[in-house]
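Notes follow the structure.
The first residue in the sequence is number 1, and the count goes up from there. These values consider heavy atoms only, across backbone and side chains, with no hydrogens, waters or symmetry-generated copies. As the structure is a computational prediction, the values presented were derived from the model and not from experiment.
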Amino acid sequence: MKAFAQEILNGIPNELPTAPALQRDVNRAPKRKDILSKEEKVLAIKNALRYFPAEWHKTLANEFANELSTFGRIYMYRFMPKEPIEAKNIADYPGNSEQAKAIMLMIQNNLDHKVAQHPYELITYGGNGAVFQNWAQYSLTMQYLAEMTDEQTLVMYSGHPMGLFPSSKNAPRVVVTNGLTIPNYSKPDDWEKMNALGVSQYGQMTAGSYMYIGPQGIVHGTTITVLNAARMKRPDGNFKGLLFVTSGLGGMSGAQPKAANIAGLVSVTAEVNPKAAYKRHEQGWVDHVTDDIEELKAQVTAARNAGEKTSFAYLGNIVEVWEAFDEANITIDLGSDQTSLHNPYAGGYYPVGLSYDEANELMVNNPEAFKTALQDSLKRHAAAINNHTAKGTYFFDYGNAFLLEASRAGADVMAANNIDFKYPSYVQDIMGPMCFDYGFGPFRWVCTSGEQADLDFTDALAAEVIEEMLKEAPADIKPQLQDNLLWVKQAKENKLVVGSKARILYADAEGRIRIAKAFNQAIKAGKIGPVVLGRDHHDVSGTDSPYRETSNIYDGSQFTADMAVQNFVGDAFRGATWISLHNGGGVGWGEVINGGFGMLLDGSVESDERLESMLFWDVNNGIARRNWARNPHAISTIKRAMQAEPKLKVTQPNLVDDEVLKNLL
């Protein structure tokens, strides 16, 4: 048996392993806030020790106390696997269930050092998006998955494997929840405290649901966003010389320079962490890195004048870029931000005027001073953006809570009514009306063989399906289909894969079902190996988030979370292999509820039945909700869905003439 497989079967070892020497070149998570009282720190250590036999407790208690003091969390580094973590061929995983093996593959992909933002701390992306809270949870979970059958379900409480429970072949193999706290305990400090105690975690979106596929996961959505933002400036599609300025290269936001290149723009992405910037440069996600603002100005100006499509990483603070370009009268055509502002005071955003190391030290040793510096920075950031938008820049909030946190800092980002923000979210202007209301969202698949040939074959199948759909599609969705066809045909040459052999493609319910059926038939015929289906939580139905995914819901229901919860439950009994539901996501703990799924296609008749039932529901649940909110494109889309499926009957809104309401109150 291969060493990694034996390590999985062993779970927590019978003998206490030696403490590992931690590599210096790995990007480490910043120290977390010292938030626990002395009594609570004792409780955190006691909680951690329950994973281990009593004879180890004295040794581990001292070690865990030191980790808590040094890092603000107990990660249990001593129990890190010795074998490399990466997505392997599904056939190499030990186990009794093919579905469980697929989940092991996806978990390992999330923690692959090439993929994860802070792999030692089990953080996949977003600064705090965790797969597990500690390495004991990882070991136990993998062992359970290797042991389970198709008549058991593994229950996951915020990274902790509660255990295997009897179920049925039609039940999900794993049910994941992350951070589901009582509503009155959903403030950022509540997360800090519960996470430090080892009782809850922030699963982000696809981190804690085992469906992250590296920066590619957001590249397609970012490309769609940047393309359509650029079309607002240049409707003719000639984007040569347009400049896009943004920030954040850690985790998923490494997608921004790649997307700008695909769209044909010049881009600047600021990043304060040298390891994150150089990692993305080495992986080919950004073309150039510089820490000299004068050099940056000269290079950007030259690239624009030459009409190049190229990307620059500025190793420094984004505020410096906005202010320097304003002073030099360098026109910024498109602007946004993709720092992890859902987590502003624990490493998600860094104040201007401090180095990366200085900021990390201040964050821990003087959190109030750090908060003041950060809020002052947000005010300067917003003021510089306002100067540029006055000159014609199109700025949009990229759903990372930039406007929300800037408003809380007292920055000038509010509209005249002092209720709305003066800038739109990208969902309000682009993703909502152009994609989500029509049912288009980030459908994903992973070739579990790990073979490039399988990925190439699935790309070609997806392109064939889209070409067929274009022949009969209504005019209002042809632009989306054409953009997606171009995307999937160019995917390989754009070198999007990091980690598993995965692909993302924006598709509606019909497209997802037809593509998945084509995959399942190819698996049955032995042309490719099994395929895992999934999606980003950032989708039509999966997420209730008033400042992002549901920001184009205007009937007052944008602060409700019925849709995400119903989506999670409905996926469970319609055939998902695993399901997940999280508090928190791209805009922060307490600001969003989001859910996701994974589904293994194995070429069987049962897979055909499950994919059709579940994918139809997974999309149309959200279309029905958007239809009830009176979103025009959703109304027409749900009517088409009802015509295609006679068993679907959705409550339709009666539209009110605004004249009836005039002078009413």
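- Just one residue in the list Val592, Leu581, Thr206, Ile593 forms a side chain to side chain contact (heavy atoms under 4.5 Å, CB included) with His537, and that residue is Thr206.
- To the nearest 0.5 Å, atom OG1 of residue Thr141 and atom CE of residue Met156 are 3.5 Å apart.
- With Val175 as the partner, the side chain to side chain contact (heavy atoms under 4.5 Å, CB included) test is satisfied by one option alone out of Tyr157, Phe165, Trp578, Phe568: Phe568.
- Put simply, the side chain of Asn567 never gets that close to the backbone of Met563: no donor and acceptor are under 3.5 Å apart.
- Residues Met106 and Val446 meet the side-chain proximity criterion, which asks for heavy atoms closer than 4.5 Å.
- For the pair Ser158 (side chain) and Gly179 (backbone), a donor-acceptor distance under 3.5 Å is present.
- Listed here is the closest heavy atom pair of Asn273 and Asn27: ND2-OD1, 3.1 Å.
- Because its NZ or CZ atom is both nearer than 6.0 Å to the ring centre of Trp191 and within 45° of the ring axis, Arg73 counts as a cation-pi partner of that residue.
- With a 6.0 Å cutoff to the six-membered ring centre and a 45° limit on the axis angle, Lys371 counts as a cation-pi contact of Tyr345.
- In this structure, Trp322 and Phe395 have perpendicular ring planes: the angle between them is above 60°, well past the 30° mark.
- Between Phe396 and Tyr426, the angle of the ring planes lies from 30° to 60°, which puts this pair in the tilted group.
- Closest approach of Leu140 and Ile12 over heavy atoms only: CG-CD1, 3.9 Å.
- At a cut-off of 3.5 Å, with distance as the only test, no side-chain donor of Asp397 or Ser425 sits close to an acceptor on the other residue.
- Using bins of under 30°, 30° to 60° and over 60° for the plane-to-plane angle, the ring pair Tyr138/Phe132 lands in the perpendicular bin.
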